[in-house]
There are 2 protein chains.
Amino acid sequence: MAVDAPSDLAVVLRGHGYRLTSPRWLVWSVLRSAGGHLTAEEIALEVNAADPTINISSVYRALTLFEDLDLVRESHLGIDDSARWEVAHPDDHFHMVCRQCGGVDHHEGELVDQIRSHLGDHHDFRAENIDLVVTGVCSDCAN
Amino acid sequence: MAVDAPSDLAVVLRGHGYRLTSPRWLVWSVLRSAGGHLTAEEIALEVNAADPTINISSVYRALTLFEDLDLVRESHLGIDDSARWEVAHPDDHFHMVCRQCGGVDHHEGELVDQIRSHLGDHHDFRAENIDLVVTGVCSDCAN
DNA sequence: CTCCTTGCAAACCGTTTGCAATCGA
DNA sequence: TCGATTGCAAACGGTTTGCAAGGAG
């Protein structure tokens, strides 16, 4: 199910016995509009722009809950030592981190699919999650 | 250069203005004999078996230094929240983490090379480091 | 003899947790 | 109503750092 509106999120939450609250909704909408790669602190900053009373611990709790429900995904991109979060996308994708500008590109495409089938064919390993982080220099910075 | 003996490590270190010390040598030999995937705490434990006076902060300092010299590599395998270290291997490889037994397999082969050339061909991105962590169920646990 | 390196302990910082008050359904 | 959820503040755990003592070259 696509989770676009508060009522959709509420359905998913209630289906698992959880409630829709304003911290949860705000965290969810920040993640959706940002398109991913946010730290908990960055999320809290945006959430607090809408409601300054919301504590960062509720942001962490919402993120943990959303991860359990497969709504978001945590990754360690190596930009710093903190975790980053993005909306769980059904399509496979991978991250390209530029060592110079720090930018993170988000690529979908055949590559992750190729990796997945390679693993099944050559390694007898049922891959559930493929976390590919490529570090290097992006085309903008290479010039 | 292969760094196998204390004298070899000393050459690398002195070549960059650093000294060979016993904490550094012990951290290096633990990493070499373990074949990778150790946390700083695990390294400190083994180092302390040889010399209980060595502090974990020296382990961290040695690891950071070795990383700067491209002798070791840090990775976040998602087993827990702490970093893990392995000897930097010139050959490309990737990690397969089993969700059930927690085992980490270490695979060399054509896969990472294929990824690297795909990135050059399709994405105009000069990949320096390719960090591929595959989570799933290994063949032992699948039965 | 120099000054790089260490052990120690305290600081640091992202994240988690216990608890009483609050709020959603 | 009533239990899930929150804000707060304190705890937590991995990692880093300041400093004086110690050790390599």
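Convention: sequence-line order gives letters A, B, ...; per-chain numbering from 1.
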Tell me, which pairs form a salt bridge (charged side-chain N to carboxylate O under 4.0 Å, His left out) where one or both residues lie in residues 42-65 of chain B, sequence neighbours left out? B:Glu42-B:Arg84
Determine to 10° how strongly the helix from C:dC1-D:dG25 to C:dA25-D:dT1 is bent, judged from the axes of its five-pair ends. 40°
Between which nucleotides of DNA chain C, read 5' to 3', does contact with chain B run, using atoms under 4.0 Å from its heavy atoms? C:dC3 to C:dC8
Residue list, side chain to side chain contact (heavy atoms under 4.5 Å, CB included) with A:Asn48, at least two apart or on another chain: A:Ile54
Which residue lies more 5' along DNA chain D, comparing B:Ser82 with B:Arg14 via nearest heavy atoms: B:Ser82
Could you check B:Ala83 against A:Thr21 and say which one's nearest nucleotide on DNA chain D is further toward the 5' end? A:Thr21
How would you list all residue pairs meeting salt bridge (charged side-chain N to carboxylate O under 4.0 Å, His left out) that involve residues 128-143 of chain B, not counting sequence neighbours? A:Arg99-B:Glu128, B:Arg126-B:Glu128
Suppose clustering is done on Ile, Leu, Val, Met, Phe, Trp and Tyr with side-chain heavy atoms closer than 4.5 Å. Which residues sit in the same group as A:Val137? none
Who pairs with B:Ser82 by side chain to side chain contact (heavy atoms under 4.5 Å, CB included), at least two apart in sequence or on another chain? B:Thr39, B:Asp80
Of all residues at least two apart in sequence or in a different chain, which pass the side chain to side chain contact (heavy atoms under 4.5 Å, CB included) check with A:Leu45? none
Of all residues at least two apart in sequence or in a different chain, which pass the side chain to side chain contact (heavy atoms under 4.5 Å, CB included) check with A:Asp68? none
If you count every heavy atom of other residues, nucleotides or ligands that lies below 6.0 Å from B:Glu41 atom CD, does the total exceed 12? no
B:Glu74 CD to D:dG14 P, in whole Å, measures 14 Å
Besides B:Val112, the hydrophobic cluster formed by Ile, Leu, Val, Met, Phe, Trp and Tyr side chains linked at under 4.5 Å, directly or via other members, contains A:Phe94, A:Met96, A:Leu111, A:Val112, A:Ile115, A:Leu119, A:Phe125, A:Ile130, A:Leu132, A:Val134, B:Phe94, B:Met96, B:Leu111, B:Ile115, B:Leu119, B:Phe125, B:Ile130, B:Leu132, B:Val134
Could you list the residues that satisfy ring pair (Phe, Tyr, Trp, His ring centres under 6.0 Å) with A:His37, not counting sequence neighbours? A:His95, A:His106
Ordered by number, residues from residues 53-67 of chain B within less than 4.0 Å of DNA chain D (heavy atoms) are B:Ser57, B:Tyr60, B:Arg61
